[in-house]
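Some notes on the structure that comes next.
Throughout, a chain's letter reflects where its sequence line sits, starting with A, and its residues are numbered from 1.
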Protein chains: 2
Amino acid sequence: MAYGIRPSLPRVEVMLYLLEHRTHPNVDTIYKDLLPKIPSLSKTTVYNTVQRLSEKGAILRLTIDEKNVCFDGISEPHPHFLCKKCGKIYDLNFVPKANIQLDFSEHLIDEVSLYYRGICKECLEKMK
Amino acid sequence: MAYGIRPSLPRVEVMLYLLEHRTHPNVDTIYKDLLPKIPSLSKTTVYNTVQRLSEKGAILRLTIDEKNVCFDGISEPHPHFLCKKCGKIYDLNFVPKANIQLDFSEHLIDEVSLYYRGICKECLEKMK
DNA sequence: TTCATATTTGTAATCAATACATTATTTTGT
DNA sequence: ACAAAATAATGTATTGATTACAAATATGAA
Ligand SMILES: [Mn+2]
Ligand SMILES: [Mn+2]
Ligand SMILES: [Zn+2]
Ligand SMILES: [Zn+2]
């Protein structure tokens with residue numbers, strides 16, 4: 001599987017799930033969706049797996065939703081938008097320029113998250 | 001208190017606490033620190049208060065720490081840094097330029113968060 | 001095969017956050 | 001000032017995401 005992770009069945013399936021479902025799901029959603037395919041799967045394994053995958057840099061861990069952590073199979077940093085109405089998380093496909101300005105704080109930075117919140121296009125149209 | 005919030009004792013004290021303690025505390029910390037001064041305070045009141053203050057725009061609600069929500073008495077948006085070693089949250093005092101580029105996604109955006117994570121200056125020095 | 005290691009599983013525990021009912025305080029109208 | 005209504009605070013119970021932990025299973029090297 002690369003990233004120095006042994007490609008067990010749950011790990012491969014979680015990784016594939018995240019690559020195929022670009023919805024930024026949480027652990028519970030991943031678990032429920034994979035259970036039919038892997039009946040022996042336990043939720044703890046999903047927790048273990050996303051933990052491992054994210055610490056190795058294979059997936060992104062999002063804290064945009066304060067209810068629970070969400071995950072993204074695309075590990076290149078990119079901005080996200082959370083709709084406060086429907087709860088969906090969208091990708092925003094531009095590269096934030098802010099990342100570059102970090103020289104003068106002397107912390108060692110290894111992660112950047114850019115989060116936007118508001119009402120999504122779809123919800124706006126329903127409200128008209 | 002302005003922001004259309006009736007200035008009850010707990011509300012004033014929570015607001016003052018956040019203005020005086022620039023540590024981005026969570027509810028439990030606010031509660032424990034104010035309890036000696038307001039012995040009747042309940043944690044539910046602190047939850048209610050930060051909820052009210054943040055929805056009125058008087059304080060910032062941070063989701064940088066996946067364990068719990070943290071709060072900031074400075075309500076102007078500014079970037080934050082979380083140290084993965086010691087857990088401290090620092091202000092980064094530059095204005096991110098990324099915010100401006102949001103035209104072409106047609107969502108209605110009312111909140112922007114820019115979060116950095118890594119190892120803070122202090123922890124780096126201890127490790128030497 | 002055998003042993004050591006890594007992984008998975010299931011259950012129990014933790015703990016932040018919320019729900020809700022009760023009490024207290026403040027405001028409004030008289 | 002008084003009564004009624006509205007708002008706020010409190011305490012307890014509950015929810016629900018996440019973690020801890022121990023037992024079972026699978027993997028890989030020797
Ligand atoms: Mn994404
Ligand atoms: Mn701050
Ligand atoms: Zn929406
Ligand atoms: Zn630190």
Side-chain angles (χ1 to χ4, degrees), chain A residues 1-17 23-56 58-72 82 84 87 89, chain B residues 1-17 23-56 58-72 82 84 87 89:
Chain A
M1 181 142 53
Y3 292 101
I5 301 166
R6 192 194 288 178
S8 68
L9 177 65
R11 289 172 182 176
V12 171
E13 290 299 334
V14 168
M15 189 71 231
L16 288 177
Y17 180 90
T23 52
H24 310 94
N26 58 31
V27 163
D28 194 61
T29 302
I30 300 170
Y31 170 71
K32 289 204 172 95
D33 285 357
L34 285 181
L35 198 53
K37 196 170 184 186
I38 315 172
S40 70
L41 187 64
S42 89
K43 200 180 278 189
T44 302
T45 298
V46 180
Y47 274 104
N48 289 340
T49 300
V50 294
Q51 173 62 35
R52 177 65 58 95
L53 290 172
S54 64
E55 78 194 8
K56 295 286 184 181
I59 65 176
L60 282 186
R61 168 183 295 257
L62 307 181
T63 63
I64 192 172
D65 179 359
E66 66 180 65
K67 302 284 177 192
N68 46 36
V69 179
C70 300
F71 298 91
D72 189 337
L82 169 72
K84 292 172 177 177
I89 297 172
Chain B
M1 181 142 53
Y3 292 100
I5 301 165
R6 193 193 287 176
S8 68
L9 176 64
R11 288 173 182 176
V12 171
E13 290 298 333
V14 168
M15 189 72 231
L16 288 177
Y17 180 90
T23 51
H24 311 94
N26 59 28
V27 163
D28 194 61
T29 302
I30 299 170
Y31 170 71
K32 288 203 173 98
D33 284 357
L34 285 181
L35 199 52
K37 197 170 182 184
I38 316 173
S40 69
L41 187 66
S42 89
K43 200 180 276 189
T44 303
T45 296
V46 180
Y47 274 105
N48 290 339
T49 299
V50 294
Q51 174 61 34
R52 177 66 58 95
L53 290 172
S54 64
E55 80 195 7
K56 296 287 183 179
I59 66 176
L60 283 186
R61 168 183 296 258
L62 308 181
T63 64
I64 193 173
D65 179 0
E66 68 181 63
K67 302 285 177 190
N68 46 37
V69 180
C70 301
F71 298 91
D72 190 337
L82 169 71
K84 292 172 175 175
I89 298 172

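- Between the CD atom of B:Glu13 and the C1' atom of D:dA9 there is a distance of 15 Å, given to the nearest Å.
- The CD1-P distance, from A:Ile38 to C:dT7, rounds to 16 Å in whole Å.
- The side chain of B:Ser8 contributes no N or O atom lying less than 4.0 Å from OP1 or OP2 of D:dT7.
- No hydrogens or angles considered: a donor-acceptor pair under 3.5 Å links the side chains of A:Asn26 and A:Thr29.
- Going from atom CG of A:Asn68 over to atom CG of A:Asp28 covers 8.0 Å, rounded to the nearest 0.5 Å.
- The ring-ring contact (aromatic ring centres under 6.0 Å, His included) test applied to B:Tyr17 returns B:His21, not counting sequence neighbours.
- When the P atom of C:dT7 is taken as reference, atom CG of A:Leu53 falls 12 Å away, rounded to whole Å.
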Between the protein and nucleotides 17-20 of chain C, are there any N/O to N/O pairs under 3.5 Å, and if so, what are the atom names and distances?
{"residue": "C:dA17", "atom": "OP1", "partner": "B:Val69", "partner atom": "N", "Å": "2.9"}
{"residue": "C:dA17", "atom": "OP2", "partner": "B:Tyr47", "partner atom": "OH", "Å": "3.2"}
{"residue": "C:dT18", "atom": "OP1", "partner": "A:Lys67", "partner atom": "NZ", "Å": "3.1"}

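- Nucleotide C:dT8 holds its C1' atom 9 Å from the CZ atom of A:Arg11, rounded to whole Å.
- Rounding to whole angstrom units, CZ of residue B:Arg52 and C1' of D:dA9 are separated by 12 Å.
- A side-chain donor-acceptor contact under 3.5 Å links B:Thr49 to the backbone of B:Thr45.
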Taking N or O atoms only and anything under 3.5 Å, show me the protein contacts with nucleotides 27-30 of chain D, one pair per line.
none

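- Here the side chain of B:Arg61 pairs no donor or acceptor atom with the backbone of B:Val69 at under 3.5 angstrom.
- A donor-acceptor pair under 3.5 Å links the side-chain atoms of A:Ser54 to the main chain of A:Val50, judged by distance alone.
- Within the 4.5 Å cutoff, the side chain of B:Ile64 has no heavy atoms near those of the B:Cys70 side chain.
- Checked by atom type and distance alone, the side chain of B:Thr63 pairs as donor or acceptor with a backbone atom of A:Thr63 at under 3.5 Å.
- For the pair B:Tyr31 OH and C:dC15 C1', the computed distance is 15 Å after rounding to whole Å.
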